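In this text the structure is predicted, and so the values were computed from the model without any measurement.
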Amino acid sequence: MGDPSEESSKKRRRRKRSKTSAADEDNAKKEVASDNEDAEPQNNDEDDASKEGGDDANPADDEAAAKEEKKEDDGEDDPAEDSKKRKRKRKRKKKSADDAADGGEDNAKDVEAAAKLQSVEHTVFIEGLPFTTTEQKVRLFFTAHGCNDILQLRLPTWQDSGRLRGFGHVVFASTETLARALSDEVNGKELGGRYITVKQANAPKAGTTAGAVLGGQARQQPKGCKTLYVRNLPYEATEEDITETFQVCGKIVEGGVRVVRNHANGQSKGFGYVEFKNEEGALSAVQKAAKPFGIVVMKRPVFVDYDEGAMKGSFRDKEGQLWSKEHGDSGGGRGRGGGRGRGG
């Protein structure tokens, strides 16, 4: 047996070591628990992210998106979509071809109609018209007698009253209709109490308002002449209308179109002047007018000739202003109206 005091001392030391070990173990557990608590938010965030990704992500969608991206990268198209594109392209080409064909047909028709308007073979001369009748009634007269394909009516009117002068020309689309108009089915029939005469139109003669016969030649251009005398103008034709017709022949100087007007009422007298910037423009216009119906203003063929001499200083524009004051002293034309008319 040992010393009791020594035994007691050993027991105390064992209990003390045991308490220290228990305390150390508790402290270690607390540290581990604390570390776990600190890590939980991160784990939760990762779990949430994993859940969110799981909700949005779809393996099939990912695969389809990957294939689409590969097609874009490789430049490949869906066969069905590619077929649709080719069909649309063929339709566009066909439509363009059809439009071009329609446009070509329309242009051909316009050229043909323009040729007929200048053709004597499609034109008749009529006279004996009542002065009180109208263009519409003349048209109805021919259509009522089976002449339906009228291309143009050229019926002169009086300047003061606007009434018909009793004669004119009618252009038909076909020679068959023209033949019918010349027959007794139409010729000699009554309109407004008068019997209408229908005759074959004569070919225009050189120097007339319609120009020269086919193959006719315009007279030689005077040296340095750039101004033209124009007559048989429609009374309602303005400077702008005449400019639009003649500018295809060459550049017209500013204020170069001058319409002679009645001093009292300002109405056109049916003639005027056109001044070009150079001689070539004047030459071109005269040569064009030398052909039958070569130059037409508002559906009316006009007479065109060179004009020599100087314009009188008293010539006035449509507003009554002196032309020379507004445009200077340039401008040829001796003023066949005597310089007394007011006009451009």
Side-chain angles (χ1 to χ4, degrees), residues 113-114 117-118 123 125-127 129-142 150-171 192 201 204 208-211 227-249 252-276 285 288-289 292-305 307 311 315-321 323 326-327 331 333 335-344:
L117 291 176
Q118 301 180 15
T123 307
F125 173 76
I126 56 175
E127 60 182 348
L129 297 174
F131 300 129
T132 55
T133 194
T134 63
E135 181 176 315
Q136 181 64 22
K137 290 180 179 179
V138 175
R139 184 181 294 274
L140 290 174
F141 168 80
F142 280 99
I150 298 175
L151 290 180
Q152 187 182 69
L153 289 171
R154 299 196 292 266
L155 306 175
T157 58
W158 293 105
Q159 179 183 4
D160 53 355
S161 64
R163 290 184 174 185
L164 298 184
R165 299 181 66 175
F167 63 91
H169 291 85
V170 183
V171 184
T208 64
T209 59
T227 304
L228 304 178
Y229 167 67
V230 185
R231 64 179 173 86
N232 201 42
L233 290 168
Y235 295 123
E236 63 273 18
T238 64
E239 286 80 0
E240 291 75 18
D241 296 325
I242 300 170
T243 299
E244 183 178 356
T245 300
F246 279 86
Q247 65 185 0
V248 297
C249 300
I252 300 173
V253 300
E254 183 181 356
V257 176
R258 307 189 297 274
V259 178
V260 178
R261 301 178 184 275
N262 184 287
H263 180 73
N265 57 24
Q267 288 185 334
S268 168
K269 291 185 176 182
F271 69 94
Y273 305 91
V274 178
E275 181 182 355
F276 288 89
K288 184 177 181 180
F293 306 100
I295 293 183
V296 179
V297 178
M298 299 179 68
K299 300 182 179 181
R300 188 170 187 174
V302 296
F303 171 90
V304 180
D305 192 15
D307 192 75
M311 179 188 64
F315 206 96
R316 297 178 181 271
D317 61 19
K318 61 182 178 181
E319 305 298 336
Q321 303 296 322
W323 191 95
E326 187 172 355
H327 301 286
R336 302 189 191 191
R340 297 182 296 274
R342 182 181 71 178

Looking only at non-hydrogen atoms, find the nearest pair between [X] and [Y] and report the distance.
| X | Y | answer |
| --- | --- | --- |
| Leu233 | Gly272 | CD1-N, 3.9 Å |
| Cys249 | Ala285 | SG-CA, 3.7 Å |
| Gly168 | Leu155 | CA-CD2, 4.0 Å |
| Arg300 | Asn232 | NH2-OD1, 3.2 Å |

Side chain to side chain contact (heavy atoms under 4.5 Å, CB included) evaluation trace for Val260 with Tyr273 | CA-CA 8 Å; Val260 178; Tyr273 305 91; 3.8 Å; yes
Applying side chain to side chain contact (heavy atoms under 4.5 Å, CB included), run through Thr243 and Thr238 and close with a yes or a no.
-> CA-CA 9 Å; Thr243 299; Thr238 64; over 6 Å; no
Using only heavy-atom distances, determine whether the side chains of Thr134 and Gln136 contain a donor-acceptor pair under 3.5 Å.
-> no
What is the distance from atom [atom1] of [X] to atom [atom2] of [Y], rounded to the nearest 0.5 Å?
| X | Y | atom1 | atom2 | value |
| --- | --- | --- | --- | --- |
| Glu236 | Met298 | CD | CE | 4.5 Å |
| Ile252 | Phe276 | CD1 | CZ | 5.0 Å |
| His169 | Thr123 | NE2 | OG1 | 7.5 Å |
| Ile126 | Phe167 | CD1 | CZ | 10.5 Å |
| Glu135 | Leu140 | CD | CG | 11.0 Å |
| Arg139 | Ile150 | CZ | CD1 | 5.0 Å |

From CA spacing to verdict: side chain to side chain contact (heavy atoms under 4.5 Å, CB included), Phe142, Val170 | CA-CA 10 Å; Phe142 280 99; Val170 183; 3.9 Å; yes
Is there a side-chain contact between [X] and [Y] in this structure, where contact means two heavy atoms from C-beta onward sitting under 4.5 Å apart?
| X | Y | answer |
| --- | --- | --- |
| Val304 | Leu228 | yes |
| Leu164 | Phe131 | no |
| Arg154 | Pro301 | yes |
| Phe246 | Ile295 | yes |

Classify the ring geometry between Phe303 and Tyr229 as parallel (under 30°), tilted (30 to 60°) or perpendicular (over 60°).
-> perpendicular
Test: Arg163 cationic atom under 6.0 Å from Trp158 six-membered ring centre, within 45° of axis =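 Output no; distance or angle outside limits.
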Should we say atom CD of Glu127 is surrounded by more than 12 heavy atoms from elsewhere, each under 6.0 Å from it?
->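 Check passes, neighbour count above 12.
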Residues Val230, Ile242; criterion side chain to side chain contact (heavy atoms under 4.5 Å, CB included); working and verdict = CA-CA 10 Å; Val230 185; Ile242 300 170; 5.8 Å; no
Heavy-atom donor-acceptor pair, Thr133 side chain to Leu129 backbone, under 3.5 Å = no
